[in-house]
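Remarks on the structure that follows.
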Amino acid sequence: METKALIRKRMLGMRDGMEERERGQKSLLIAKQVWAHPAYRKASGLLCYVSCKSEVQTAVLMEHAWKEGKSVYCPKVCGNEMEFYRITGLGDLEAGYKGIREPQDREEMLFSRAVMQEGNYLMIMPGCAFDKEGNRIGYGGGYYDRYLEKHGGIETMAICFEMQIAEKIPSEFHDRKPDWILTECRAYSYKQQ
């Protein structure tokens with residue numbers, strides 16, 4: 001089996017090779033899958049990554065969530081950890097970790113346990129590669145795995161292009177599987193009932 005590093009490199013190469021127009025069209029199809037999903041419909045807010053480079057675009061997801069009255073929290077890397085902060089518009093984001101747009105570190109906007117208990121939240125996760133068993137290869141920093149280890153109870157949905165789904169990828173005990181993976185073609189469910 002290929003190593004995580006090789007799979008990451010291969011998948012990112014394929015994803016980077018997608019034309020801008022195709023990426024936009026497929027991102028919209030994925031967004032429509034998200035909007036129709038019961039986990040999104042019942043969520044009072046999203047913890048959503050900010051798309052960068054060739055990732056599935058998330059701006060349209062966030063804008064739709066605001067129109068529906070949902071709150072939106074985006075990640076900010078703080079050393080080895082990641083926290084989520086509420087934003088009220090895309091203008092609240094500024095260049096941050098590795099050039100990725102991030103929210104400002106404002107205590108009153110922090111997604112905390114108290115906030116989590118007041119509503120129903122869905123995390124939208126990125127990734128480089130996934131397999132049909134729900135395993136995920138991120139970008140190698142382990143930020144989402146560590147965050148979810150500390151903040152259990154948040155439902156998780158990874159979004160990616162169908163080309164990023166492999167038959168089998170290596171996984172380790174600390175790797176967190178998303179509850180669902182949505183692509184432009186289908187939804188994969190791994191939620192334990």
Side-chain angles (χ1 to χ4, degrees), residues 7-8 10-12 14-75 84 86-87 89-90 93 100-101 111 119-139 143-145 147-148 151 153-169 171 175-193:
I7 293 169
R8 187 179 290 119
R10 181 169 55 81
M11 289 292 190
L12 289 178
M14 288 190 331
R15 199 179 74 187
D16 291 346
M18 192 185 304
E19 288 186 16
E20 193 75 33
R21 184 173 170 189
E22 182 185 2
R23 184 177 302 116
Q25 289 170 338
K26 288 183 176 178
S27 291
L28 185 57
L29 289 173
I30 292 166
K32 287 178 179 177
Q33 289 255 43
V34 172
W35 298 331
H37 198 281
Y40 172 85
R41 298 184 72 74
K42 74 177 183 183
S44 53
L46 298 182
L47 279 69
C48 187
Y49 76 92
V50 179
S51 53
C52 182
K53 299 180 182 170
S54 62
E55 289 179 322
V56 174
Q57 297 161 359
T58 56
V60 68
L61 276 176
M62 291 187 252
E63 286 168 348
H64 192 268
W66 286 314
K67 282 182 189 155
E68 293 191 335
K70 299 180 192 290
S71 54
V72 175
Y73 293 78
C74 292
F84 283 79
R86 194 166 133 242
I87 64 169
L90 296 172
L93 300 169
I100 300 167
R101 293 180 306 146
F111 183 78
N120 191 342
Y121 292 88
L122 174 66
M123 178 183 281
I124 307 288
M125 307 168 70
C128 293
F130 301 86
D131 71 15
K132 294 181 177 174
E133 293 174 17
N135 295 306
R136 170 184 172 270
I137 295 177
Y139 295 93
Y143 292 102
Y144 281 86
D145 294 325
Y147 188 87
L148 290 167
H151 300 83
I154 300 172
E155 291 188 306
T156 55
M157 178 183 288
I159 56 175
C160 68
F161 300 112
E162 187 69 27
M163 70 167 68
Q164 294 174 255
I165 306 281
E167 201 58 46
K168 183 82 177 115
I169 60 176
S171 65
D175 291 339
R176 300 291 297 254
K177 291 183 181 183
D179 295 320
W180 302 278
I181 300 173
L182 270 60
T183 73
E184 72 275 17
C185 301
R186 60 185 57 88
Y188 301 86
S189 178
Y190 307 100
K191 180 122 174 103
Q192 302 299 313
Q193 299 299 338

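Not measured: the values here are computed from a predicted model. Quick note: numbers below take in every heavy atom, side chains included, and nothing from hydrogens, waters or symmetry partners.
- A 4.5 Å side-chain heavy-atom check between F161 and R23 finds at least one atom pair inside the cut-off.
- Atom CG in L28 sits 9.5 Å away from atom CD in Q57 (nearest 0.5 Å).
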Given L47 and I124, is the side chain to side chain contact (heavy atoms under 4.5 Å, CB included) satisfied, shown in steps? CA-CA 6 Å; L47 279 69; I124 307 288; over 6 Å; no
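- Among residues at least two apart or in separate chains, salt bridge (Lys or Arg N to Asp or Glu O under 4.0 Å) pairs with a member in residues 37-46 are K42-E155.
- Of the possible donor and acceptor atoms, none in the side chain of D179 sits under 3.5 Å from a partner among the backbone N and O of Y190.
- Of the inter-residue distances, the one linking I137 atom CD1 with I169 atom CD1 reads 4.0 Å to the nearest 0.5 angstrom.
- Partners of R15 by side-chain hydrogen bond (donor to acceptor under 3.5 Å, both in side chains), not counting sequence neighbours, listed by chain and number: S54, Y139.
- Remark: E19 pairs with no residue by the salt bridge (charged side-chain N to carboxylate O under 4.0 Å, His left out) rule, at least two apart or across chains.
- T58 places a side-chain N or O within donor-acceptor distance of the main-chain N or O of Y49, the cut-off being under 3.5 Å.
- For the pair E162 (side chain) and E184 (backbone), a donor-acceptor distance under 3.5 Å is absent.
- Residues passing the salt bridge (charged side-chain N to carboxylate O under 4.0 Å, His left out) test with K70, sequence neighbours excluded: none.
- With sequence neighbours excluded, the residues satisfying side-chain contact (heavy atoms from CB on, under 4.5 Å) with A31 are W35, V60, L61.
- Screening residues 122-136 for salt bridge (Lys or Arg N to Asp or Glu O under 4.0 Å), with sequence neighbours left out, gives K132-E167, E133-K168.
- The shortest heavy-atom contact between P178 and G134 is CD-O, 3.3 Å.
- Across every non-hydrogen atom of C128 and R8, the tightest pair is SG-CG, 3.5 Å.
- Q33 and Y40 share no side-chain donor-acceptor pair at under 3.5 Å.
- Expressed to the nearest 0.5 Å, how far CG of N120 lies from OG of S44 amounts to 5.5 Å.
- The SG atom of C185 lies 10.0 Å from the CE atom of M163; values are rounded to the nearest 0.5 Å.
- Looking at every heavy atom in both residues, V72 comes nearest to W66 through CG2-NE1, 3.5 Å.
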K67 vs H64, test: side chain to side chain contact (heavy atoms under 4.5 Å, CB included). Steps then yes/no. CA-CA 5 Å; K67 282 182 189 155; H64 192 268; 5.6 Å; no
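- At distances below 3.5 Å, not a single donor-acceptor pair connects side-chain atoms of S27 with backbone N or O atoms of V56.
- Residues satisfying the side-chain contact (heavy atoms from CB on, under 4.5 Å) criterion with R176, sequence neighbours excluded, are D145, L148, E149.
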Begin with the C-alpha distance, continue with both residues' side-chain angles, and end with the deciding distance and a verdict on side chain to side chain contact (heavy atoms under 4.5 Å, CB included) for M62 and L90. CA-CA 8 Å; M62 291 187 252; L90 296 172; 4.1 Å; yes
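- Scanning both residues, M157 and A39, for their nearest heavy atoms gives CE-CB, 4.4 Å.
- Every residue was checked against the ring pair (Phe, Tyr, Trp, His ring centres under 6.0 Å) condition with Y144, not counting sequence neighbours, and none meets it.
- Residues S51 and A59 come closest through the heavy atom pair OG-N, 4.5 Å.
- Across every non-hydrogen atom of C74 and I87, the tightest pair is SG-CD1, 3.6 Å.
- Judged by distance alone, the side chain of E68 and the main-chain N or O of A65 form no donor-acceptor pair under 3.5 Å.
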Might you work through the side chain to side chain contact (heavy atoms under 4.5 Å, CB included) test for F84 and H151, ending with a clear yes or no? CA-CA 11 Å; F84 283 79; H151 300 83; over 6 Å; no
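- For F111, the ring pair (Phe, Tyr, Trp, His ring centres under 6.0 Å) criterion is met by Y73, Y121, not counting sequence neighbours.
- The structure places CD1 of I159 at 11.0 Å from OG1 of T183, a figure rounded to the nearest 0.5 Å.
- Annotation: the span from N135 atom CG to I165 atom CD1 amounts to 11.0 Å, rounded to 0.5 Å.
- Not counting sequence neighbours, E63 has no partner by the salt bridge (charged side-chain N to carboxylate O under 4.0 Å, His left out) test.
- Applying the salt bridge (charged side-chain N to carboxylate O under 4.0 Å, His left out) criterion to R86, with sequence neighbours excluded, gives no partner residue.
- Partners of Y143 according to the ring pair (Phe, Tyr, Trp, His ring centres under 6.0 Å) rule, which considers only residues two or more places apart in sequence or in another chain, are Y97.
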